[in-house]
2 protein chains.
Amino acid sequence: MASRPKPHDHAACVSDAMARAEHICAETGARFTPLRRRVLERIWAGHKPTGAYEILEDLGRDDGKPVAPVTVYRALDFLMAHGLVHRLNSLNAFIGCPRAGAGHEAVFLICEDCKRVAEIDDPAVGETLARDAADQGFSVSTQMIEVMGRCPDCQAAAHG
Amino acid sequence: MASRPKPHDHAACVSDAMARAEHICAETGARFTPLRRRVLERIWAGHKPTGAYEILEDLGRDDGKPVAPVTVYRALDFLMAHGLVHRLNSLNAFIGCPRAGAGHEAVFLICEDCKRVAEIDDPAVGETLARDAADQGFSVSTQMIEVMGRCPDCQAAAHG
DNA sequence: TGATGTAATGTAACGTTATAACGTGTCAAT
DNA sequence: ATTGACACGTTATAACGTTACATTACATCA
């Protein structure tokens, strides 16, 4: 066990994320309601991009009562507005933000095999883009950078 | 007329694009069928991102006969595969590639006001991303970079 | 305390985007 | 003339997202 590359205490990682969320909401006076909490938990559960309807079904399963799409989307909007989750446009899916709280322009590395996502944060990318945009007289408000490819694990698994 | 900032001979610009497309397909032995041509023409018609269903309706209007979604998506797949159009993930829309033929990792500047899109091509961005990815042992296959903001015209119009 | 305002959630219907599965036509090469 | 590959047609359905309006929860302050 000691030699495994990624022990990854998942339970701890999730509860960390929830604690951060609670903290951020408390700070900003936002209401971290049970529904929002459940949606965020569900998103963190797999460490993978999660579709809105996947969340929806899980919530419905939990407590017999089915949940409407709009309910999930509202919670997702809240979570995004507070920087707790990101939307991955290339997948129509959502993922928990490991740097929640730190305002950032994230770059996502999306593994085409295992679908896991790494979030990196290189200010140089945003700066370069901002400069390029400025050269055209274009003023930037937000960015979306998603890089598709293969994660180290999957490269190894393909004994590449 | 001589002093207008952007004369932009649209007819010429579209017919150039079509000629390029024809050339590229001829080179690669791909079949530039009437349907594919019509879809590409429709995409170029507005210089704006165009939704698949918008194309679909226009095609149906042209010749009484309605067209099925899958027909349009197949044509779009073809056009993308040959680098003639790009998909804008943040808009679920498609736009003609002004650099068709030149393999490239494009960066899109999308104006939130007028929806027009500029495609820029700064190799530095891709290189930085590739380096960042490599640092994580991640091998890149494709990228998607979409920058939202305001184009020069719309900034001026807002007398910003 | 109970009237009031606001934020959150519920409910139903609908709109938009995309694909699956399978059949038919077209055309070139053998 | 047959075969095989590819393009396109047809039907159905999956997947994703929003609008509009009703109801409930909760804080606040007269």
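All values derive from a computational prediction rather than experimental measurement.
For the pair A:R31 and A:R36, the tightest heavy-atom approach, listed with the atom from each and the gap, is O-NH1, 2.7 Å. A pairwise comparison of heavy atoms in A:A100 and A:L84 identifies CB-CD2, 3.8 Å as the closest pair.
Sorted by first then second residue, the salt bridge (Lys or Arg N to Asp or Glu O under 4.0 Å) pairs that include residues 74-84 of chain B, not counting sequence neighbours, number zero. For the side chain to side chain donor-acceptor pair (under 3.5 Å) condition, the pairs that include at least one residue of residues 105-114 of chain B, sequence neighbours left out, are A:S141-B:E112, B:D113-B:R150. Sequence neighbours left out, the pairs with a member in residues 81-91 of chain B that pass side chain to side chain donor-acceptor pair (under 3.5 Å) are B:H86-B:H104, B:H86-B:E119, B:R87-B:N89, B:R87-B:N92, B:S90-B:E146.
Within 4.0 Å of A:T71, counting heavy atoms only, lies at least one base atom of the nucleic acid.
Residues from residues 87-97 of chain A that place a heavy atom under 4.0 Å from any atom of DNA chain D, listed by number: A:R87, A:N92.
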Side chains of residues 128-136 of chain B: which donor-acceptor partners sit under 3.5 Å, not counting sequence neighbours?
| residue | atom | partner | partner atom | Å |
| --- | --- | --- | --- | --- |
| B:T128 | OG1 | B:A124 | O | 2.7 |

Would you mind writing out the side-chain donor-acceptor pairs for residues 12-19 of chain B within the sub-3.5 Å range, not counting sequence neighbours?
| residue | atom | partner | partner atom | Å |
| --- | --- | --- | --- | --- |
| B:S15 | OG | B:A11 | O | 3.4 |
| B:S15 | OG | B:A12 | O | 3.1 |

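Nearer the 5' end of DNA chain C, as judged by each residue's closest nucleotide, is the contact made by A:R74, out of A:P69 and A:R74.
Contacts between chain B and DNA chain D, taken as any atom within less than 4.0 angstrom of a protein heavy atom, begin and end at D:dA7 to D:dT11.
When the nucleotides C:dC22, C:dT11, C:dG10 are ranked by their closest atom to the side chain of A:L35, C:dG10 comes out on top.
Rounded to an integer number of Å, the gap from A:Y73 OH to C:dA13 C1' is 16 Å. Atom P of nucleotide C:dT9 and atom CZ of A:F78 are separated by 9 Å, given to the nearest angstrom.
Partners of A:R99 under the side chain to side chain donor-acceptor pair (under 3.5 Å) rule, at least two apart in sequence or in another chain, do not exist in this structure. Taking A:H23 as the reference, nothing meets the ring-ring contact (aromatic ring centres under 6.0 Å, His included) condition, with sequence neighbours excluded. A:Y73 pairs by the ring-ring contact (aromatic ring centres under 6.0 Å, His included) definition with nothing, not counting sequence neighbours. Qualifying side-chain contact (heavy atoms from CB on, under 4.5 Å) partners for A:V67, counting only residues two or more places apart in sequence or in other chains: A:L59, A:T71, A:V72.
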TODO: Go along nucleotides 25-30 of chain C 5' to 3' and tag each nucleotide: B for a protein heavy atom under 4.0 Å from its base, S when only backbone or sugar atoms are that close, - otherwise.
DONE: ------
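Contact annotation: A:R36 side-chain N/O to C:dA8 OP1/OP2 distance is under 4.0 Å.
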